[in-house]
Amino acid sequence: MRILSGIQPSGILHAGNYFGMMKPSIELQDQGEAFYFIADYHSMTSLTDAKLRREYTQRVAIDFLACGLDPERAVLFKQSDVPEHVELSWMLSTVCPMGLLERCHSYKDKIAKGVSPNHGLFAYPVLMAADILIYDAEVVPVGQDQKQHVEVTRDLANKFNDLYGETFVVPEPRIRRDVAKVPGIDGGKMSKSYNNTVDIFGDQKAIKKRIMSIVMDSRSMEEPKPDAEENFAVQILKYVTDESTYQETLDALKAGGYGYGHLKKKLFECYWEYFAEARQRREELMANLDYVQEVLDKGAEKARSIASVVNKRARIACGLE
Ligand code: ADP
Ligand code: TRP
């Protein structure tokens, strides 16, 4: 089974990215041939600071490795090291109806927020389709918000196959229902764009402060809270602790006499502990940046060896060769 996913270097990685995309991807590295990349071309649609792009790109690589991506089992690379993605993106754009892109939620949401769109933002799903199809990927692990983009990919693969003969594998999104939408500190979807994130790595005090500011209702410590499952801190706690600690906390909230201060303190302890091992590995990687670069270089070589074959297949199919 060929697995592929990507993440943009457009900010600091947070718990939503980790539980929604990175952790499922890391778990899948044992179940097939996995390709994970840093979508730096995609990041150009929203980030226009070259220095920051370089920094975030390196940081995504470090953080992904620290969290357990094993370069012996999965191929980690930077998208722009494989420029064939862009060539295939052009080919796919010629079979892509405008309406398909106009219907994309992520594009519409950005417009609704007042972003003035560039062509790259509009064409974003076409490049994403190329990213996926160029590896003959079968499974694409992503969070719920990327489902529609994988559907566009399926449409474009089918359209191209119908027009030019069987060329592409039609992929499936793999969305884990339990982690489809990690809440942010305001209860909305945790996202870099909403300033409601809790970072995976970062200063202890800053993380504690974020957790302490998770929005709560005004019930007192004494009051029983029968709807504790709805609480955002409880929902995050579920990801970072074992079943029995989670259950104990839930029971205590429901019984009353256990307040939101206790809950947040517990969440912070569990959160900090959960990422302790990754934090340690991250320190080691930060001291060995040459190794990180080597992983990306080797990854690019491996990725390119596959992408160039599929790209050629597409070139031949549509008569460029
Ligand atoms: P952001 O919304 O912070 O900009 P991205 O759009 O860069 O995050 O998402 C990168 C990956 O992380 C995607 O696969 C996305 O589905 C996943 N992801 C992001 N936020 C969440 C969340 N709150 N819950 C689950 N998955 C998420
Ligand atoms: N659009 C994805 C995101 O914002 C990143 C991405 C780019 C991607 N290309 C991909 C994800 C291909 C999966 C497969 O999260």
Side-chain angles (χ1 to χ4, degrees), residues 1-40 42-43 55-79 128 131-132 135 137 139-147 149-150 171 173-184 189-194 196-202 207 210 235-241 270-286 292 295-296 299 303:
M1 175 172 74
R2 178 84 49 88
I3 304 146
L4 174 128
S5 194
I7 187 157
Q8 294 189 65
S10 52
I12 303 292
L13 298 177
H14 54 74
N17 297 139
Y18 178 75
F19 290 103
M21 185 272 182
M22 298 163 75
K23 184 164 180 268
S25 298
I26 290 164
E27 284 166 5
L28 278 171
Q29 74 189 358
D30 294 321
Q31 289 176 39
E33 222 186 328
F35 289 77
Y36 300 128
F37 68 94
I38 306 163
D40 56 346
H42 274 111
S43 73
E55 259 174 55
Y56 288 152
T57 299
Q58 185 184 56
R59 208 174 150 164
V60 171
I62 294 170
D63 291 359
F64 226 138
L65 291 167
C67 287
L69 186 144
D70 176 0
E72 299 297 320
R73 285 182 285 172
V75 180
L76 177 66
F77 65 102
K78 185 173 83 162
Q79 184 185 28
M128 180 156 162
D131 299 335
I132 298 171
Y135 296 100
V139 171
V140 184
V142 280
Q144 179 69 28
D145 56 336
Q146 296 297 317
K147 183 168 181 242
H149 288 160
V150 183
R174 175 78 60 95
I175 296 157
R176 297 244 312 247
R177 234 183 288 150
D178 53 333
V179 292
K181 192 174 146 200
V182 178
K189 178 199 131 144
M190 187 182 290
S191 169
K192 277 166 271 174
S193 355
Y194 306 148
N196 65 354
T197 56
V198 184
D199 293 348
I200 306 174
F201 300 108
I207 291 187
R210 296 298 272 183
Q235 290 172 9
I236 301 175
L237 181 69
K238 193 168 186 168
Y239 298 120
V240 294
T241 190
C270 294
Y271 194 94
W272 192 251
E273 175 60 27
Y274 185 90
F275 290 109
E277 215 181 297
R279 228 174 3 254
Q280 175 61 36
R281 269 200 301 267
R282 188 166 187 279
E283 289 296 312
E284 290 160 20
L285 290 161
M286 295 285 278
V292 176
V295 167
L296 290 177

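Values below: all heavy atoms of this structure, side chains included; hydrogens, waters and symmetry mates excluded.
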Please examine the side chains of Leu296 and Leu76, heavy atoms only from C-beta on, and report whether any two atoms are closer than 4.5 Å.
yes
When rounded to the nearest 0.5 Å, the distance separating CG of Leu13 from CD1 of Ile62 is 11.0 Å
On a heavy-atom basis, the closest approach of Leu4 and Ala137 is CB-CB, 3.7 Å
If you define the side chain from C-beta out and look only at heavy atoms, does anything of His14 sit under 4.5 Å from Val198?
no
What are the two closest heavy atoms between Pro71 and Leu65, and how far apart are they?
CD-CD2, 3.8 Å
Please report the shortest heavy-atom distance between Val60 and Pro9, naming the atom on each side.
CG2-CA, 4.0 Å
In Å, rounded to the nearest 0.5 Å, how long is the span from CG of Leu285 to CZ of Arg59?
12.5 Å
May I ask you to decide if Leu237's main-chain N or O and Thr241's side chain share a donor-acceptor pair within less than 3.5 Å?
no
Any non-hydrogen side-chain atom of His42 less than 4.5 Å from a side-chain atom of Gln8?
yes
Is the count of non-hydrogen atoms from other residues, nucleotides or ligands lying under 6.0 Å from Gln31 atom CD greater than 12?
yes
Please determine whether side chain to side chain contact (heavy atoms under 4.5 Å, CB included) holds for the pair Gln146 and Met128, giving the CA-CA distance in whole Å, both sets of side-chain angles, and the decisive distance to 0.1 Å.
CA-CA 10 Å; Gln146 296 297 317; Met128 180 156 162; 3.5 Å; yes
Least distance between heavy atoms, Tyr271 atom then Asp199 atom:
OH-O, 2.8 Å
Can we call the ring centroids of Tyr135 and Phe37 under 6.0 Å apart?
no
Kindly indicate whether the side chain of Tyr36, heavy atoms from C-beta on, has any atom under 4.5 Å from the side chain of Val75.
no
Is the side chain of Ser5 donor-acceptor paired with the backbone N or O of Val140 at a distance under 3.5 Å, no angle test?
no
Rounded at 0.5 Å granularity, tell me how far NE2 in His149 sits from CD1 in Ile132.
10.0 Å
Neighbour count >12 (heavy atoms, 6.0 Å) for atom CD, Glu55:
yes
Parallel under 30°, tilted from 30 to 60°, perpendicular over 60°: which one fits the rings of Phe77 and Phe35?
perpendicular
Find out whether Glu27 and Arg176 are in side-chain contact, i.e. whether some heavy atom of one side chain is under 4.5 Å from a heavy atom of the other.
yes
Residue pair Val139 / Pro171, side-chain heavy-atom distance below 4.5 Å
no
Say you draw a straight line from CD of Glu33 to CD1 of Ile3; how long is it, rounded to the nearest 0.5 Å?
8.5 Å
Tell me, do Lys238 and Gln235 make a side-chain contact under 4.5 Å, heavy atoms counted?
no
Parallel, tilted or perpendicular: rings of Phe275 and Tyr18 (30°, 60°)
perpendicular
Is a donor on one side and an acceptor on the other found under 3.5 Å between the side chain of Gln29 and the backbone of Leu69?
no
Is the shortest side-chain heavy-atom distance between Ile26 and Phe64 below 4.5 Å?
yes
Between Gln79 and Asp131, does any side-chain donor sit less than 3.5 Å from a side-chain acceptor?
yes
Give me the atom names and distance for the closest heavy-atom approach of Ala66 to Phe201.
CB-CZ, 4.0 Å
Reported CG-to-CE distance for the pair Leu28 and Met1, which is rounded to 0.5 angstrom:
5.5 Å
I need the minimum non-hydrogen distance between Ser191 and Asn196, along with the two atoms involved.
N-OD1, 3.0 Å
When you check the side-chain N and O atoms of Thr197 and Lys192, is any donor under 3.5 Å from an acceptor?
no
State plainly whether the residues Arg279 and Glu283 are in salt-bridge range, i.e. N to O under 4.0 Å.
no
Gap between atom CD of Gln58 and atom CE of Met286 - 0.5 Å precision
7.5 Å
